[in-house]
Trainee: 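Next up is a structure, given as structure tokens.
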There are 2 protein chains.
Amino acid sequence: MSESASTLETASLKAPNLGIGAVERDTGLSKDTLRIWERRYQFPVPARDAYGERVYPLDQVDKLRIIKRLMDQGMRPGKIMHHSLDELRAIKRAHPEAAPTSPELQGLVSLILEHRVDELRSALAQQVLRLGLARFVIDIVAPLNNAVGEAWVGGDLAIFEEHLYTESIKVVLRNAIATVPRHTGSPRILLTTFPKEEHGLGLLMAEAVLALEGAHCVSLGVETPIPDIVRAAASQRADIVALSFSAAYAANGLLDGLAELRAMLPRNVEVWAGGSAMALVRRAPENLRIMRDLDAIRDALMLWRAEGVGT
Amino acid sequence: MSESASTLETASLKAPNLGIGAVERDTGLSKDTLRIWERRYQFPVPARDAYGERVYPLDQVDKLRIIKRLMDQGMRPGKIMHHSLDELRAIKRAHPEAAPTSPELQGLVSLILEHRVDELRSALAQQVLRLGLARFVIDIVAPLNNAVGEAWVGGDLAIFEEHLYTESIKVVLRNAIATVPRHTGSPRILLTTFPKEEHGLGLLMAEAVLALEGAHCVSLGVETPIPDIVRAAASQRADIVALSFSAAYAANGLLDGLAELRAMLPRNVEVWAGGSAMALVRRAPENLRIMRDLDAIRDALMLWRAEGVGT
DNA sequence: TCAAATAATTGACCTAGACAAAATAGGGTA
DNA sequence: TACCCTATTTTGTCTAGGTCAATTATTTGA
């Protein structure tokens, strides 16, 4: 409602603050959460416009984004809310999630930082050729994702740079997958994510690994409602339904959703879940397989084949 | 909070209703909107669980989805809310947005309906070869999108079938774009969507048309915050920023967002907006170009080149 | 040292009212 | 008839503060 109109048309940069709806969009924190944090932790502290509506300064939005990222790694809001932006970044550096970055990866990261999209893309394509698709995904893309995430929290990477990176990886991966001969083989695997999970990169990485092993992959893209996953599995005669969850996925819905899906699916269809969402580590629900990393996917595939069809 | 746990584990299908959060996800209607509709129009009429929380039966969710779709075409909630599902579908059929479907398209639609993904994909690829990429996008993909939308509202198409279709088109388009030689040419065009606009198909269609004309396209993918679009345009030295808006895009944010973007961008960078969002037809804001269809993109490109660089 | 019980934290949900922006309808004029 | 300007709906987003189940942390007891 607010969030614009404040336009002064003075040609130079402006738009110094955002309404609560815009902040919800840009941070992924619900309006409810934003309001209750303000009450409980005295942060954020938005100004008010002429109509009494919240107006968030940009630096507070930046801080909210970092807090969200730290929470995705398991920290609790009450503990970190009162720190300054710089302190939060220091905390982050003390809790690295990535393995120590190899000089090779560092080279790719600098290409991203310098916005050399074309060079990045050909460097990536070259690595695919050199390592093969599977090793490329496991040894390059996965750690690179972590490194990019780190850089983002560290304040060294803008959102658009992350977008540029993600798009490049997607292009390279899709091209590589397209070269894998179309396999009529088994098992038949349906890939997708739950609603609210819009990150499709993990899906693509899984598809690359699976397709390479000769599985018949059908991707629904992201955000398929659960009843439709069930219908799609039936129509595609899927042996396995594979779900991907990014670190940002709302923890609560995850286990519930998986249980719901499991219950609606025929018993002979397996459910595989993977990704960097925290909720996946805690407990492993019954009757479904959790993949901690991409290598686990290959192992699971071997296992499935060893067990024979229809187990 | 509700939305599961009700699991009876009776093996057969269940999950007959959803909490308000799940409905928000699956319909795209905000919690606020769902609650106020209930107050104003006596629809939806969710049951309440043991804690007094709303529990929506599946058929009401279906009706909400249709209503959302009709509103995306410009109808107003107060007018259509009280009709039954069948009446709504009848209304829909009386307001077709698509041009009369050619038998050729009908063939593709049946492939979708019969879930013959592989055949659909090769039929599409074949059309690309036959017509060329540009005509394929303009004469096949665009009307096919409409036809699929129609079928969905008519109740003939499940969500997962739409996903299957969208993924197929994306795969075919990306492959085709990848074969276009990487052009270092001008103009340099940055493509993306605003936050909350997750439909990337329009973007891909535009990219296909533009790349074919020799423009240098850089896609950021979907949902880039406005300040980051500005930064990306600078870093990529873009001459043009192209935005895509699907019919489902929240009307209000659109014009505001475009004005904001326009104000933050240097004057010599053009802003192009296209897509099927209703808000685009009404008024054409200053200093930016609205594309009503894909042919308009080609015209605009010619015009830009005729005007010469740096106008 | 480990497990069970208790306490604190957290976010999703609730009601109900206010109000600006957008869409429609009314009325007068060229 | 076409057009513009002004009411009058209509609509969704925002406000406030309250409740509560589920999760996480801490203490206690064996």
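So you know, we letter chains A, B, ... as the sequences are listed, proteins then strands, and number each from 1.
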Trainee: Check whether the side chains of S244(B) and E197(B) place a donor and an acceptor atom closer than 3.5 Å, and report yes or no.
Mentor: no
Trainee: If I take atom CG in residue D49(A) and atom P in nucleotide dA18(C), what distance separates them, rounded to the nearest angstrom?
Mentor: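 In whole Å, dA18(C) P and D49(A) CG are 18 Å from each other.
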Trainee: Using a cut-off of less than 4.0 Å, is there contact between a side-chain N or O of R39(A) and OP1 or OP2 of dG17(D)?
Mentor: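 No, outside the criterion.
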Trainee: Between R35(B) and dC14(C), is there a contact of a side-chain N or O with OP1 or OP2 at under 4.0 Å?
Mentor: yes
Trainee: Would you mind telling me which of dC13(C), dA21(D), dT11(D) lies closest to the side-chain atoms of P77(B)?
Mentor: dT11(D)
Trainee: If you check every side-chain atom of R76(B), which of dC14(C), dG11(C), dT10(D) has the closest atom?
Mentor: dT10(D)
Trainee: So, does Y41(B) get its side chain near the phosphate of dT11(D), meaning an N or O under 4.0 Å from OP1 or OP2?
Mentor: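 Y41(B) to dT11(D) OP1/OP2: side-chain N or O found under 4.0 Å.
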Trainee: Closer to the 5' end of DNA chain C via nearest nucleotide, is it Y51(A) or K79(A)?
Mentor: K79(A)
Trainee: For the side chain of I36(A), starting at C-beta, report the closest nucleotide among dC14(D), dC14(C), dA12(C).
Mentor: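 Closest of the options to the side chain of I36(A): dA12(C).
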Trainee: Is it true that K63(B) and D59(B) make a salt bridge, defined as a side-chain N closer than 4.0 Å to a carboxylate O?
Mentor: no
Trainee: Under a 3.5 Å threshold, yes or no: a donor from one side chain and an acceptor from the other, between W152(B) and E150(B)?
Mentor: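 There is no such pair (donor and acceptor under 3.5 Å, judged by atom type) between the side chains of W152(B) and E150(B).
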Trainee: Quick one: does any side-chain atom of T166(A) pair with a main-chain N or O of E162(A) as donor and acceptor, under 3.5 Å?
Mentor: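 Yes: the side chain of T166(A) pairs with the backbone of E162(A).
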Trainee: Check the distance between dT9(C)'s P and M81(A)'s CE and give it to me in whole angstrom.
Mentor: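 After rounding, the gap between these two atoms is 13 Å.
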Trainee: Can a side chain N or O of K31(A) be found less than 4.0 Å away from OP1 or OP2 on dT13(D)?
Mentor: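 It does not, given that no N or O in the side chain of K31(A) lies less than 4.0 Å from OP1 or OP2 of dT13(D).
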Trainee: Return whichever of R40(B) or R40(A) has its heavy-atom-nearest nucleotide of DNA chain C closer to the 5' end.
Mentor: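 Closest to the 5' end, via its nearest nucleotide, is R40(A).
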Trainee: Between S30(A) and dA12(C), does any side-chain N or O lie under 4.0 Å from OP1 or OP2?
Mentor: yes
Trainee: Nearest whole angstrom, please: distance from the C1' of dC14(D) to the CD of E24(A).
Mentor: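 In whole Å, dC14(D) C1' lies 12 Å from E24(A) CD.
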Trainee: Within this structure, what is the CD-to-P distance between E53(A) and dG12(D), rounded to whole angstrom?
Mentor: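 Taking atom P of dG12(D) as the reference, CD of E53(A) is at 16 Å.
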Trainee: Of the listed nucleotides (dG12(D), dA16(D), dG11(C)), which one gets closest to any side-chain atom of R54(A)?
Mentor: dA16(D)
Trainee: Could you give the CG-to-P distance, from D72(A) to dG11(C), as a whole number of Å?
Mentor: 11 Å
Trainee: What's the CE-C1' distance between M71(A) and dT23(D), to the nearest Å?
Mentor: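 Rounded to the whole Å, the gap is 12 Å.
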Trainee: Could you tell me whether the phosphate oxygens of dT13(D), OP1 or OP2, come under 4.0 Å of any side-chain nitrogen or oxygen in T33(B)?
Mentor: yes
Trainee: Salt-bridge test for R25(B) and E223(A): reply yes if a basic N is under 4.0 Å from a carboxylate O, no otherwise.
Mentor: no
